[in-house]
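Computed from a predicted model, the values in this text were never measured in an experiment. The residues of the chain are indexed from 1 along the displayed sequence.
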Amino acid sequence: WYEHMMKKLGVQVFLNQEANVDLLQEQDFDAVVVANGSKPIELNIPGMNKDDPRIMHAYDILEGKKHAGKRVVIVGGSGVGLDVGLYLAEEGGLNAEQAMFLMQWKALSPDDAIKLKLRTRKITVIEMLPSLGKGIGQTTRWTILKDLAMHGVEMITKTKALEITEKPFGVLVDKEGKQEFLEADT
């Protein structure tokens, strides 16, 4: 997704290259962003079976290597978790052009178009901390949270994943001392 968007926006990306003074002066950049990357955190949650196709890393979803189901629980509400939540919420629904076409020909009401666009999956993001989006800049964080809310993504803070269960599949969580079960297929 990111690779596609960078190309679409005309952003030059240099990978596996030393950013030395000569290179920077030669290219005459207006700005330089150093993005060292990140590594997925390996969660130590009972039931976390890496071989289970229903359990996947965020990057596998964002890179199109794996596809989530219709009921998704995302463990971790920092930047990457919220990005995946928004990506999945927007994936598979009507796009604006399709909705306009259907509404123009009165095949769909505006309310139904919004429901079809925004409610393609049941997505729940859980975060142990009291707030979501740690590490996201203030000017970006609120827009992501608004988009997630608009898409009907449930966001639960102060909640810890205790176990990934097999039957039924889902995540057992502790929310402020109370255990709850979040059913999922991914």
Side-chain angles (χ1 to χ4, degrees), residues 1-21 23-25 27-43 56-68 72-100 110-111 113-161 171 173 175-176 182 186:
W1 182 82
Y2 288 115
E3 185 176 339
H4 168 76
M5 292 305 294
M6 294 294 183
K7 285 178 184 173
K8 182 178 177 180
L9 296 171
V11 175
Q12 284 184 296
V13 178
F14 295 84
L15 300 173
N16 301 314
Q17 191 170 12
E18 183 182 342
N20 58 41
V21 174
L23 172 72
L24 298 176
Q25 288 176 340
Q27 294 292 326
D28 193 33
F29 294 112
D30 293 329
V32 175
V33 176
V34 178
N36 298 21
S38 64
K39 287 185 177 180
I41 297 170
E42 293 295 328
L43 299 176
M56 47 193 79
H57 279 288
Y59 294 107
D60 288 334
I61 292 172
L62 292 172
E63 292 173 1
K65 293 178 182 175
K66 295 190 177 181
H67 302 282
V72 180
V73 175
I74 298 170
V75 178
S78 65
V80 174
L82 297 181
D83 282 346
V84 171
L86 189 55
Y87 174 81
L88 291 174
E90 292 177 341
E91 182 183 59
L94 288 178
N95 65 34
E97 185 178 333
Q98 293 165 330
M100 290 302 294
D111 287 342
I114 289 171
K115 287 176 191 169
L116 284 172
K117 168 62 182 151
L118 303 181
R119 305 287 189 258
T120 58
R121 287 189 165 103
K122 166 136 181 47
I123 301 168
T124 304
V125 177
I126 63 168
E127 171 57 54
M128 291 189 311
L129 298 174
S131 64
L132 295 158
K134 181 179 183 230
I136 300 176
Q138 288 182 339
T139 57
T140 304
R141 182 178 171 271
W142 74 271
T143 61
I144 292 172
L145 294 175
K146 278 285 218 196
D147 281 346
L148 289 163
M150 183 183 75
H151 282 82
V153 173
E154 182 178 11
M155 297 171 276
I156 308 171
T157 57
K158 301 177 188 172
T159 302
K160 180 179 181 179
V171 182
V173 299
K175 178 166 175 45
E176 300 186 65
L182 305 173
T186 307

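Here the closest non-hydrogen pair linking G76 and V125 is O-CG1, 3.8 Å. The two residues V75 and A161 come nearest to each other via the heavy atoms CG1-CB, 4.0 Å.
Atom CD of E91 sits about 11.5 Å away from atom NE2 of H151, to the nearest 0.5 Å. Annotation: the span from E176 atom CD to T159 atom OG1 amounts to 7.0 Å, rounded to 0.5 Å.
In this structure K8 satisfies the side chain to side chain donor-acceptor pair (under 3.5 Å) test with no other residue, sequence neighbours excluded. Take K66 and apply the salt bridge (Lys or Arg N to Asp or Glu O under 4.0 Å) test, not counting sequence neighbours, and it matches no residue. Partners of A58 under the side chain to side chain contact (heavy atoms under 4.5 Å, CB included) rule, at least two apart in sequence or in another chain, are V80, V84. Listed by chain and number, the residues in a side chain to side chain contact (heavy atoms under 4.5 Å, CB included) with T186 are M56, A68, V72 (sequence neighbours excluded).
Pairs engaging residues 136-159 under the salt bridge (charged side-chain N to carboxylate O under 4.0 Å, His left out) rule: K122-E154 [sequence neighbours left out].
Surrounding NZ of K175 are more than 12 heavy atoms belonging to other residues, nucleotides or ligands, all under 6.0 Å away.
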Subject >> Evaluation steps, side-chain contact (heavy atoms from CB on, under 4.5 Å), between L82 and I74 >> reply: CA-CA 8 Å; L82 297 181; I74 298 170; over 6 Å; no

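You'll find the side chain of K65 stays beyond 4.5 Å of the side chain of H57, heavy atoms only.
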Mind listing the side-chain donor-acceptor pairs of residues 127-139 below 3.5 Å, one per line with the distance, residues two or more places apart or on another chain?
from	atom 1	to	atom 2	distance (Å)
E127	OE1	G77	N	2.7
E127	OE2	L129	N	3.0

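Each of V73, L88, L148 was checked for a side chain to side chain contact (heavy atoms under 4.5 Å, CB included) with I123, and the lone residue meeting it is L88.
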